[in-house]
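Report on the following structure.
Source: prediction; values computed, not measured.
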Amino acid sequence: MDNYEGLRKELEESGFPMKYMYKFITSEANIALLRPFFEDADITTKRSSKGKYVSFSAIEIALNADQIINKYKSLSHIKGLISL
């Protein structure tokens, strides 16, 4: 069973193309690993109050559900990355 089946169903009901926001919580060190995957995105970062974590948001135009799911899969190698 595909871990992304629920997301795929939700996305396909939304309609495409659409602006999609990827949201993650991670360490400062991982921000440099994330940025290359979102070269054409509108990116926002914000440190947590104690500075231990960074929230990372990226808005991109998505043409279909597979594009979004493939992006999440391509980021799965980054340790300590939490998808929201």
Side-chain angles (χ1 to χ4, degrees):
M1 183 173 189
D2 187 357
N3 291 336
Y4 298 94
E5 190 174 314
L7 176 61
R8 180 183 310 280
K9 183 178 179 189
E10 187 178 319
L11 290 170
E12 288 174 351
E13 291 172 0
S14 299
F16 288 93
M18 66 188 266
K19 282 187 179 181
Y20 184 79
M21 180 184 290
Y22 297 89
K23 293 182 80 169
F24 304 99
I25 294 177
T26 192
S27 66
E28 181 72 37
N30 282 344
I31 298 298
L33 299 175
L34 275 173
R35 285 192 183 274
F37 290 91
F38 297 98
E39 290 180 353
D40 297 326
D42 181 16
I43 296 173
T44 306
T45 59
K46 182 179 178 190
R47 284 186 178 76
S48 63
S49 59
K50 295 183 181 179
K52 186 173 181 181
Y53 299 102
V54 178
S55 68
F56 178 97
S57 300
I59 299 173
E60 288 185 327
I61 300 295
L63 303 178
N64 57 53
D66 287 334
Q67 180 182 351
I68 294 168
I69 290 168
N70 288 339
K71 177 87 70 171
Y72 280 117
K73 288 179 178 180
S74 72
L75 299 171
S76 65
H77 71 282
I78 300 175
K79 295 202 185 319
L81 183 65
I82 300 169
S83 300
L84 301 176

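- Taking each heavy atom of F16 and L11 in turn, the nearest pair found is CE1-O, 3.4 Å.
- Proximity of R35 to T45: side-chain heavy atoms (C-beta onward) are separated by under 4.5 Å at one or more points.
- In this structure, M18 is a member of the same hydrophobic cluster as F38, with clusters built from ILVMFWY side-chain heavy atoms closer than 4.5 Å.
- In this structure, K46 and V54 have side chains that are not in contact, with every pair of non-hydrogen atoms separated by 4.5 Å or more.
- Checking I25, L84, L34, T44 one by one against F56, the side chain to side chain contact (heavy atoms under 4.5 Å, CB included) holds for a single residue, L34.
- In this structure, the separation between NZ on K23 and CD1 on I59 is 9.5 Å, given to the nearest 0.5 Å.
- Among residues two or more places apart in sequence or in another chain, the side chain to side chain donor-acceptor pair (under 3.5 Å) test is passed with E12 by none.
- Tracing side-chain contacts under 4.5 Å through hydrophobic residues (I, L, V, M, F, W, Y), one never reaches Y53 starting from I43; they form parts of separate clusters.
- Taking P36 as the reference, nothing meets the side-chain contact (heavy atoms from CB on, under 4.5 Å) condition, with sequence neighbours excluded.
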Please output the side-chain donor-acceptor pairs of residues 68-82 that fall under 3.5 Å, not counting sequence neighbours, one pair per line with the distance.
| from | atom 1 | to | atom 2 | distance (Å) |
| --- | --- | --- | --- | --- |
| N70 | ND2 | D66 | O | 3.1 |
| K71 | NZ | F37 | O | 2.5 |
| K71 | NZ | E60 | OE1 | 3.4 |
| K71 | NZ | E60 | OE2 | 3.4 |
| Y72 | OH | Y20 | OH | 2.9 |
| S74 | OG | K71 | O | 2.7 |
| S76 | OG | K73 | O | 2.8 |
| H77 | ND1 | S74 | O | 3.0 |

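- In this structure, L63 and P17 approach most closely via the heavy-atom pair CD2-CB, 4.0 Å.
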